[in-house]
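Here the structure comes first, spelled out in structure tokens, and everything after it is commentary.
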Amino acid sequence: MAKYQVLLNKALCKSCEICVELCPKKVFGRDKTGKAEVVNADNCIGCLICEEHCPDFCIEVREK
Amino acid sequence: MAKYQVLLNKALCKSCEICVELCPKKVFGRDKTGKAEVVNADNCIGCLICEEHCPDFCIEVREK
Amino acid sequence: MAEKYSIRLGGTGGQGIIKGAMVLAEAAIIDGKNATQTQVYGPESRGGATKAEVNISNERILFPLVSSPNIVLCLSIGAWQTFTKDMPPGSTLILDSSLENGPALPEGVTVYRFPMIKMAYEDLGNILSTNIVAVGVLNGLMKLVSSDAAERSIAIGFKKTFVDGNIKAYELGYQAAREYLQAAK
Amino acid sequence: MAEKYSIRLGGTGGQGIIKGAMVLAEAAIIDGKNATQTQVYGPESRGGATKAEVNISNERILFPLVSSPNIVLCLSIGAWQTFTKDMPPGSTLILDSSLENGPALPEGVTVYRFPMIKMAYEDLGNILSTNIVAVGVLNGLMKLVSSDAAERSIAIGFKKTFVDGNIKAYELGYQAAREYLQAAK
Amino acid sequence: MVEARLVQGNEACALGAIAAGATFYAGYPITPSTEIAEQMSALYPKKDGKFIQMEDEIASIGAIIGASCAGAKAFTATSGPGFSLMQELIGYAAMTEVPIVIVDVMRAGPSTGLPTLSSQGDIQQARWGTHGDHSIIALAPASVEETYLMTIDAFNFAEKYRTPVILLLDEIIGHLKERFLITPDMMPPIINRQKPQAGQEFVPYKNTQELIPALPDFGEGSRYHVTGLTHNEQGFYSSKPEIVESFINRINAKIEDNSEEIFRCNGYNVEDCEVLLIAYGSISRSAEEAMNNLRREGINVGLLRPQTIWPLNEALIGDACCGKKAVIIPEMNLGQYAREIERCAPDDVPVVSLPKVDGTMIFPSEIEELVREVLK
Amino acid sequence: MVEARLVQGNEACALGAIAAGATFYAGYPITPSTEIAEQMSALYPKKDGKFIQMEDEIASIGAIIGASCAGAKAFTATSGPGFSLMQELIGYAAMTEVPIVIVDVMRAGPSTGLPTLSSQGDIQQARWGTHGDHSIIALAPASVEETYLMTIDAFNFAEKYRTPVILLLDEIIGHLKERFLITPDMMPPIINRQKPQAGQEFVPYKNTQELIPALPDFGEGSRYHVTGLTHNEQGFYSSKPEIVESFINRINAKIEDNSEEIFRCNGYNVEDCEVLLIAYGSISRSAEEAMNNLRREGINVGLLRPQTIWPLNEALIGDACCGKKAVIIPEMNLGQYAREIERCAPDDVPVVSLPKVDGTMIFPSEIEELVREVLK
Amino acid sequence: MREVYQKIFRDNLPHIWCAGCGNGIVMSAFARAYDKLGLDKDKTVGVSGIGCSSRITGYLDLNTLHTAHGRALPFATGVKMTRPEFAVFVFMGDGDCAAIGGNHFIHACRRNMDMTAIIINNYIYGMTGGQFSPLTPFGSKASTAPYGSVDRNFDICSLAIGAGATFVARGDVYHTKQLEKLIIEAHEHKGFSVIEVLSTCPISYGRRNKMPKPMDLMNYIKDVTIAKERADKMTAEEIAGKIVTGVLHQSAAVEYNEAYMAMVEKLEVGKNG
Amino acid sequence: MREVYQKIFRDNLPHIWCAGCGNGIVMSAFARAYDKLGLDKDKTVGVSGIGCSSRITGYLDLNTLHTAHGRALPFATGVKMTRPEFAVFVFMGDGDCAAIGGNHFIHACRRNMDMTAIIINNYIYGMTGGQFSPLTPFGSKASTAPYGSVDRNFDICSLAIGAGATFVARGDVYHTKQLEKLIIEAHEHKGFSVIEVLSTCPISYGRRNKMPKPMDLMNYIKDVTIAKERADKMTAEEIAGKIVTGVLHQSAAVEYNEAYMAMVEKLEVGKNG
Ligand SMILES: Cc1ncc(C[n+]2csc(CCOP(=O)(O)OP(=O)(O)O)c2C)c(N)n1
Ligand SMILES: Cc1ncc(C[n+]2csc(CCOP(=O)(O)OP(=O)(O)O)c2C)c(N)n1
Ligand code: SF4
Ligand code: SF4
Ligand code: SF4
Ligand code: SF4
Ligand code: SF4
Ligand code: SF4
Ligand SMILES: [Mg+2]
Ligand SMILES: [Mg+2]
């Protein structure tokens, strides 16, 4: 089972795609409005790249 | 005979003593009001130190 | 045509609302009318709802803003929420078909819905031309300016490479509206 | 003593004219009188003639400058040239003895000459105390303030190391004036 | 320019400057004036002009004064905060009689305020923003076309009177896009600064009857000194009271004594109205619409629309107010112009200020209401 | 302070600031204000205060606003050119309601002007120098003792109303040395800014009836945001028209509505005189002397001497002018205060400006002459 | 949102910044650094000028002072002199700091008053819609440089060093861990510390310079930067075109308030002795 | 008076400067350099700020512009952009240039517009009577630093270099021949050139710092300076405490007006092509 939980606050997301492109494990995709969406939660390795680069503080990666 | 003529425009002199102190040949002295005065004209070697350092453009050293 | 038309376009930043309004106003001027165009500027428009307004009249336009719009066109839910409150009876609201759950409308407002975003995105393959599709729809419904003027206005307003695409967008919207009206007859 | 004394001290930059005026004004205040002291400031005073003025009165002094001086004291020819024009009849001019070829004086002005610069330079060995010698002379002649107050004023106005020298300067000037007046009697 | 176009106020200002012969722009960006800088940066490299973005507004006005000394018609554009920063050098330009134009696109203040919303809050600042006594010319257009034409006027006044001229756009006018068509007959003649007459002795700041010195540009041969110190006719520092006085009086008189020429305004039903509106800039449009609406209702309203804000033609305004039931001054500030009208109007005429400072434009209906109330 | 001393106006200002509890000075030297900075640099290191010389006047006023936010009573001193540069941040302080005192020792302007000579040329600038609508408090003492006491008043007003206060010294007062004796009974009470009440919900810019927010100093625990943008009661940017309007109105009203308390003046024979002089600062002394001289001649002259320049108590001035044969305003500018008197005085009272801008003080005789002429 | 953010952010999100704007990334790095520093919020002051980046103070739950354009440092100077025990952080944009605020910046470097200046360099005037700044690279396009800027740009770090700054570092929004570390080191440095942060403005800068998407700028920053540790081992040619990040300069000099207090003490000794 | 002086001085001497003030020495060195450069007075503009030193423009028979305190460089920028063919010399005091004018100074260094800035550094605000300036050495006394300055001072040459200046030199009023030469070289450099001139203010600086006589300061300058050529051959310890004079930095970069005209030409080619 995945070690990390990827929490996404869509309300704050501005669809910049930074998380989508920076996540080394392709955890994020886009929903039809363009906002980020967690698509491969299980792949997460907890590197926090997404969290630290999201300009809108939408993402929190927690150890389970 | 001296090679140089030391012209002094006393009207402009403000008695700063720079010429008196900088002239390597002690050409200048002070009159009783404190203004510069040419006292050893014949010693002048034409180095122009006095002319270039007088802040009030009082001095002109001419080749004779 | 009535003395003065007051039109408001609403959307979010990036939808080209202002450009749409300018195209409309410029077209009116080409038609020999007077027009004013204004908008909300600055950081407030960043992210939130943006509006651009146009007055068109055969006479001199004094008060240059829109105080009581005849026509409002909304491309975002935020715009619908913010910019429709002051619509007077007899005015017209044009909504993008994608918008849902907007606020209740004032009495006596006629509502049209067109899938303007979708038309731009799917039919033209360019979501950036939504604004001009919208101008086409608006003009198709309301006949504010001549289509000839609209197209010349587009030619003035865009870089050469974008003119054709936008004329196409205008026509797409215009035709959709004309067809709708035909159908509704 | 009349209602209001207006005194003007004139000299060149560096002669301590302003300090002299301050000592005089402060002394008047110590005596329980009112006094104002003003001067010309800035680059214009650099090199050229400087003036410092003092009003002394038992009453409140309103207009703080000197419009019509009772007493003018000049330590330089420039001052004499510039600052004596408006002297009214009955006023007193005190000149340093070294000054020559000054302008003609207005009618009815009493002139005194004292070698104030020389007294400072030769008798006291310090040309910088000319100003206080002048204050002494002025006060010796005109009795504007008590000598006690003058000395306390000097004590306030100078750094400790300079107080004694300046008191001596004051006394030198004062005595010279008193002696002159005695002799003149 | 033969076809009507949709043009923005700020753009019209840029075009007007070029039409006036301006060849130099220095500025620092600030909303809502930025489009003027953007226009100049795009236009000047193609039109033999020079555009420079300076490090701040002080540098900007400094640069245009320098450019003007070197012969260019030069201008800058800014808004409240930048206008405040320029005050010292506006005084310098007044003092040295260097022609420049400063465009202030007014936004709601004080301080950073409401950067994107409109106001007319700098009316008094335009007159009094710098220290010391100097007079000023300030103009306030009310439409995009007028912005173009009055930008030309601004340069003309600057050159003619050798003085800084302030063009006060309110944000609404600056950002308004509307129909724009300038035909040749509308164009004012272009005025250039007077030069010293050849063959005559050159005394840079000679106090002639016209009160305006004839100065060459730098490089034209008659070298002279420019200083912000009070100066004599030769241009050198003087503190002699009579020189100072005649100098200060001259730079004030050359404007105040010509206020009849410089003060321009339009009147509508001014003479025979019951209630007179006085309004300028964008708000004059609301006032005109209100007037039209009220007259349709049978209420006899007139409008005086100053295009020149400073100097005031006090006699003209006083006369216009005479005998009115009320004079109403709607403006987007707390009554800055109303103060002046109050001063000029007879005591028995109620001068009513209609102030607004919330960033929104005064609506015709607000004016109409007040008129009705005042007439009650 | 028991013995009378000879003290300079600028020095009295420095001493007054310390007496008012000011502990921070930031400034940039400029004649004729420099002695204030020099005093503070000598005094503060010995009196637990902080002195800093900043890189310019803008930085100086910035620093004192920062210091005030951190709890200090803070001030700066400057003269015309520096005062012009400070305008933007004076507006900031008004907008953010940070108490500060700005001393402007007025020299003859505009621009560099006459650095060493006196004027009263910044009267209108003190009111209108910054962009946008804000009110201001400005005081003008007429003696060295009054400079001391009114410096304390300036800090008191700043603290009480949370607003920048301008102390306008003219060069004559700033550089004048005269008898100085402050006895305890002359001392005004020291006012400190109001703090939020413990236990109550903290809403930084709450629009209470008193109109003045109770704000803690930084570090006192209730963290809040200070911004020059128009802001809501919480201190955050808002462009909502109703919020903007109530905010702008509040910062104006807190001063204008209290003009009766803030406007202070002395009157001499105001009520029963034929000719009323209105004068402030150093010139009020010439006026008083002229009044005395004229009364001795049997001419019935009175004097109104405002200590507060802004806000005006318009009703009081209007009343004072009522029924006079003439009101004469001698001032060292081109009639800047006279404009205001003109506005307040009844139409049938001739308001006569006696301007002077040559750097020299107005002599009593000049006033006397004008009075005689007016009465002819 | 992670607790460290909640602890220091105010409760007023979303912020006004555009999608993909680097300001938010700086703000979260600051929050993490601030948390690690363990400072007292009541005794911390955040000061900023005017610009998009300067809006950051509105979101931080400190004593915050959103000043005028270019003037953050003088305000901070007044705060810090009044309360030397406060921690003071100053946030500025590239225009704010290097254009209108340039003088205050160099003088702050000179005075060496103990505070931390964080310059968010997005290469442009963001707030006013994309005019070039003194840090806009020569040749770049901007709304007032439609044909490419003819203005040479500052290296703000060199400028700081030339002005006498005692701690000068450069970070960027790609290397967020490094940025966090630099903020901590900068604060811990006694004296005036400067951090330039290379940041992204897709809207006002990227769009005009062929990097319209946030990730375009992010990739640019990633590619152009090189850590000082690595750069130090490279030849000049190898470094050409790169921008070095890390602590670029650190030196010791007396802190302003300490110099002031030393003067005060000397006077007191004089008085008593 | 020597003819070269008469040629370029106006006929309004004596000047206002105090006895022994270095400003006059700079003025005569300038006159000699100007004469050698053989420039056209009608096409030369002298610009200055406010201060004792800035009064120099009043005595030079050029087109002269005595501006506001700190603002000489922006005015000069406007002049030079309007008439790039003019020779432009800018005279500033240390306060004028480095305090209130600091921002304009660094931006002028950055822009590299072809003009020559002569900074007369007398270590003090002379005109206003002796307050410390940003170039007053730390610890020196001044009327606003009665206990010794606690402000670190700039090295204005380092600042200029940090700001990107392409020609930076230091001269002094003792070494008048060197000064003359530096002015010539500076003018001949294409781009913005900076010369700091160490000068004497006996009245406002010397008197407070135990050098009351003009010659005290002259001797100080003589002793403290060391020519770059010699300094280059010395160790750091040997140089410690010395001030290096000569051309300290020179580099090549595009001149502003040339960059502007290159842009214009590119547009014209675009138009025609
Ligand atoms: C005195 C003054 N001049 C100009 C402005 C307009 N202005 C606001 S922010 C800004 C520049 C913003 O650029 P930067 O500092 O780089 O911040 P960014 O928005 O890029 O984060 C300008 C010019 C102002 N507010 N005040
Ligand atoms: C805006 C402004 N602030 C302050 C002054 C006052 N002021 C005039 S000259 C000067 C400093 C002079 O020092 P510096 O530039 O070193 O020239 P110096 O007199 O030493 O040659 C100052 C502070 C001024 N004229 N204008
Ligand atoms: S923590 Fe790393 S792996 Fe996990 S989602 Fe974020 S970026 Fe991807
Ligand atoms: S980085 Fe943040 S704002 Fe951007 S797409 Fe991902 S979640 Fe949304
Ligand atoms: S030229 Fe040389 S030797 Fe001759 S007087 Fe001058 S300094 Fe002396
Ligand atoms: S250097 Fe000049 S001013 Fe000084 S004493 Fe000699 S002649 Fe006189
Ligand atoms: S304009 Fe640029 S800096 Fe400003 S919020 Fe948008 S992306 Fe960020
Ligand atoms: S004060 Fe100093 S710089 Fe000014 S003229 Fe006198 S000596 Fe020269
Ligand atoms: Mg930026
Ligand atoms: Mg100096």
Side-chain angles (χ1 to χ4, degrees), chain E residues 58 79-85 87-92 94-96 104 106 108-117 119 121-122 124-125 127-134 227-230 239 241-245 248-249 252 333-334 336 339 342-343 346-348 355-360, chain F residues 58 79-85 87-92 94-96 104 106 108-117 119 121-122 124-125 127-134 227-230 239 241-245 248-249 252 333-334 336 339 342-343 346-348 355-360:
Chain E
I58 301 173
S79 180
F83 192 52
S84 289
L85 290 172
Q87 291 303 329
E88 187 198 4
L89 294 189
I90 292 175
Y92 180 91
M95 194 76 169
T96 51
D104 173 20
M106 294 181 285
S111 191
T112 314
L114 265 172
T116 58
L117 293 183
S119 96
D122 308 350
Q124 290 284 354
Q125 185 190 23
R127 176 73 185 84
W128 300 111
T130 196
H131 59 285
D133 286 279
H134 69 109
T227 180
L229 288 161
T230 49
S239 63
E242 53 294 1
I243 288 175
V244 172
E245 186 178 15
I248 298 284
N249 282 337
N252 281 278
N333 58 46
L334 289 179
Q336 295 188 15
R339 288 174 91 93
E342 233 181 285
R343 212 162 40 79
D347 261 11
D348 55 357
K356 198 173 191 191
V357 287
D358 67 1
T360 67
Chain F
I58 300 173
S79 179
F83 192 53
S84 289
L85 290 172
Q87 292 303 328
E88 187 197 3
L89 294 189
I90 292 175
Y92 181 90
M95 194 77 170
T96 52
D104 174 20
M106 294 181 285
S111 192
T112 314
L114 266 172
T116 58
L117 294 182
S119 95
D122 308 349
Q124 289 284 354
Q125 185 190 25
R127 176 74 185 85
W128 300 111
T130 195
H131 59 285
D133 286 279
H134 70 109
T227 180
L229 287 161
T230 50
S239 63
E242 52 294 0
I243 288 176
V244 172
E245 186 177 16
I248 298 285
N249 283 336
N252 281 277
N333 58 46
L334 290 178
Q336 295 187 16
R339 288 174 91 93
E342 232 181 285
R343 210 160 41 79
D347 261 10
D348 55 358
K356 198 172 190 191
V357 287
D358 68 0
T360 68

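In what follows, every chain begins at residue 1, and chains take the letters A, B, ... in the order their sequences are listed.
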Which value, rounded to the nearest 0.5 Å, describes the distance between [X] atom [atom1] and [Y] atom [atom2]?
{"X": "E/Thr130", "Y": "F/Gln125", "atom1": "OG1", "atom2": "CD", "answer": "5.5 Å"}
{"X": "F/Thr230", "Y": "E/Leu117", "atom1": "OG1", "atom2": "CG", "answer": "8.0 Å"}
{"X": "F/Asp133", "Y": "E/Asn333", "atom1": "CG", "atom2": "CG", "answer": "5.0 Å"}
{"X": "F/Ser111", "Y": "E/His134", "atom1": "OG", "atom2": "NE2", "answer": "10.5 Å"}

- [ ] Output yes when a side-chain donor or acceptor of F/Asp122 lies under 3.5 Å from a complementary backbone atom of E/Gly132, and no otherwise.
- [x] yes
Residue set satisfying side chain to side chain donor-acceptor pair (under 3.5 Å) with F/Asp104, at least two apart, ordered chain then number -> none
Ring pair (Phe, Tyr, Trp, His ring centres under 6.0 Å) filter on E/Phe83, not counting sequence neighbours, yields none
Could you tell me which portion of [X] (side chain, backbone, both or neither) has an atom closer than 4.5 angstrom to a non-hydrogen atom of chain F?
{"X": "E/Ile58", "value": "side chain"}
{"X": "E/Ser119", "value": "neither"}
{"X": "E/Arg339", "value": "both"}

Looking only at heavy atoms, the pair that brings E/Ile248 and F/Gly109 closest together is CD1-O, 3.5 Å
When the 4.5 angstrom heavy-atom criterion is applied to F/Pro346 and chain E, the contacting part is both
